[in-house]
Structure formats: structure tokens, C-alpha cells
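Just below is one structure, and these are the notes that go with it.
We number each residue from 1, following the sequence as shown. Small disclaimer: the values here were computed from a predicted structure and weren't measured. Just follow the structure's listing: the first ligand is 1, and inside any ligand the first atom is 1.
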Amino acid sequence: MIFDVLTLFPEMIQNHLQFSILKRAVDSGVIDVRTVNPRDFTLDKHKKVDDTPYGGGAGMVLMPQPYVDAYESVEKIENSITIMLSPQGEPLKEGLVKELANYDQIVMLCGHYEGFDERIREIIKPREISIGDFVLTGGELPALCVIDAVSRKIEGTLGKIESANDDSFADGLLEYPQYTKPREYRGLRVPDVLLNGNHKEINEFRQEQRIKRTKERRPDLMC
Ligand code: 21W
């Protein structure tokens, strides 16, 4: 899977790929994350990427030329999708992550502090994605969320243990409570059922806990 990220802060993207599972995925060639900086495509000597909004108002707006030229410099392969990270996008959910994992290339447009000139949308026609209803300073962290979530769906990214874990989330319920050693800590004991070796009982206990937890914390996830 190739990820091409258009960003004014390429280091924000590359820095996060140096650790843990994503590092392993990059090193093994399962994913390839490239960055393109629209600032490198500016045509004026001040390398200006934004300007004040027509019609007035606070803040700045990202100019179309550097973004469109940067976008057109990205070599698109056959099975490719382009997404724009924006607070107005479709909310990112596990279903959308699975859908994105079917592509061979994901091109992502990040803004920072400010919005995009609408003509960037009109020309590039990206799918627009948000990671939730809160305001961030830019699209870089959301792009990293997409890279992270999509990468762990790709064969060869997760080890056996991690992918087995994934199965229990697949049905849309929250996780069951987990315990490890010691059997008692500050007077708090691990539930007896987990120590009795009866795997049918253990599975029933865990499934009950998952349903209870989901009802309490995320009733919106219960159908
Ligand atoms: C924050 C960009 C606010 C634009 C009138 C019209 C990408 C994000 C972002 C940001 C504005 C995502 C304006 C969840 C997020 C992102 C930065 C508004 C001013 N005034 N998902 N437009 N939350 N955020 N621009 O913030 O780029 S995905």
C-alpha cells in the first residue's frame, strides 16, 4: 500500500512512522509512505501557500495552485483513491477503514490551521474524511490515523497475536476487561472464573462483560 501525503509539515508524518508496528510495516515494505510539500510548488519568491479569504473573515485560506500542482505531481497507480482530511468530511469508522484497505494507493490532502480554497475540491474531487467532531489544528494527525488504521488491516502488518486480538473487536462490541499477574493487587482480585480453566465459562463471562460495557459506555453501538 502506498500512502502519498500532501502536507506543509512532512516531518509530522515521517516522525510517527519510526516506532512499533508502523516502523515494522515500513521496514518490511508492506507500506510506503511518501510526502509532498505544496510549498515546494509555489511560484513566488516568498513561497506563499495561503492568503486572506475573499469576502472577509478571520484566518487564511490555502491557495489552489500549490495544492493542485503538488497533487498532479503524484504518480497515481491503477487502484488509487484521493482523500481530503477535513472537519466537514465523512466520519472515519471501522467500515470506511476496511474499504480504504482495498486500495493500492491512498493520496491524502492535509490542510493546517486553515481551510482549502473550494476550487481545490472542485478540481481534485477528493473523498472528504473527518476523524471526529472536535477541532484540530490540521489534517496531519487525521492522516496518520488513516495510515495507522488502514495499515493494520493489511496482511503482513500485524503479527499472529495482534491479529487474533482484532477478531474480538470485529463484531462492534467493546473489549472485555483483561487481567494479568499478580492474582491479587492492592486487595483487588482477578475474577475466579478466569482462573478455573473452563474455557466455555470464560468465553461466556467475557461476552457478558463486553455486552454490559457496551450498553453502559456506548449505547449508540448497540443495535
Ligand atoms: C480546523 C481546518 C478548522 C479548518 C470558515 C470556513 C482534518 C480535522 C481536520 C481545521 C478549520 C479532521 C473556516 C476532525 C479536524 C483539520 C484543521 C475551519 C476556518 N472558516 N477531523 N472555514 N477534526 N482541522 N476553517 O479538525 O484539518 S480531518
Side-chain angles (χ1 to χ4, degrees), residues 1-17 19 22 31 33-42 47-74 76 80-103 105-154 169 172 174 217-218 220-221:
M1 169 78 79
I2 300 170
F3 297 96
D4 287 289
V5 187
L6 270 70
T7 169
L8 298 170
F9 299 96
E11 294 88 350
M12 284 187 71
I13 303 298
Q14 296 301 341
N15 285 347
H16 276 80
L17 304 170
F19 307 100
L22 284 186
I31 64 168
V33 184
R34 311 185 290 203
T35 51
V36 182
N37 191 339
R39 199 176 294 281
D40 295 336
F41 291 81
T42 52
K47 297 184 183 290
K48 200 171 161 59
V49 291
D50 55 10
D51 211 326
T52 53
Y54 279 119
M60 301 287 273
V61 178
L62 294 163
M63 295 159 72
Q65 177 270 321
Y67 268 82
V68 171
D69 284 356
Y71 177 72
E72 289 176 347
S73 82
V74 174
K76 316 290 189 305
S80 167
I81 185 171
T82 298
I83 67 186
M84 171 184 274
L85 287 313
S86 126
Q88 297 144 72
E90 172 186 352
L92 186 63
K93 296 275 159 61
E94 198 65 6
L96 178 51
V97 170
K98 278 188 189 141
E99 201 183 313
L100 293 175
N102 292 322
Y103 290 92
Q105 179 185 35
I106 302 178
V107 184
M108 292 187 272
L109 286 79
C110 305
H112 207 87
Y113 301 131
E114 48 221 338
F116 295 94
D117 184 303
E118 193 61 22
R119 291 164 295 186
I120 298 173
R121 292 185 172 89
E122 288 171 7
I123 293 165
I124 297 175
K125 297 187 172 67
R127 182 133 175 209
E128 224 165 305
I129 295 176
S130 159
I131 62 160
D133 296 337
F134 41 85
V135 183
L136 298 167
T137 57
E140 285 78 11
L141 287 171
L144 284 164
C145 289
V146 171
I147 293 171
D148 193 292
V150 170
S151 294
R152 66 192 298 295
K153 295 276 174 251
I154 302 170
F169 230 138
L174 301 182
R217 301 186 185 189
R218 293 296 304 277
D220 57 299
L221 294 180

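Using modelled atom types, one side-chain atom of Thr42 and one backbone atom of Arg39 make a donor-acceptor pair closer than 3.5 Å. No side-chain donor-acceptor contact under 3.5 Å links Tyr103 to the backbone of Met1.
Closest heavy-atom contact between Ser130 and Ser86: CB-O, 3.2 Å.
Sorted by first and then second residue, the salt bridge (charged side-chain N to carboxylate O under 4.0 Å, His left out) pairs involving residues 47-63 (not counting sequence neighbours) are Lys48-Asp51.
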Quick one: ligand 1 N/O to protein N/O pairs below 3.5 Å?
unit_1: ligand 1; atom_1: 21 (N); unit_2: Ser130; atom_2: OG; d: 3.4
unit_1: ligand 1; atom_1: 21 (N); unit_2: Ile131; atom_2: N; d: 3.0
unit_1: ligand 1; atom_1: 23 (N); unit_2: Phe134; atom_2: O; d: 2.7
unit_1: ligand 1; atom_1: 26 (O); unit_2: Leu136; atom_2: N; d: 2.8
unit_1: ligand 1; atom_1: 27 (O); unit_2: Gly139; atom_2: N; d: 3.3

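Ring geometry, His112 versus Phe9: the interplanar angle falls from 30° to 60°, so the pair is classed tilted.
Taking CG of Leu109 as the reference point, atom CZ of Arg127 lies at 15.0 Å (rounded to 0.5 Å).
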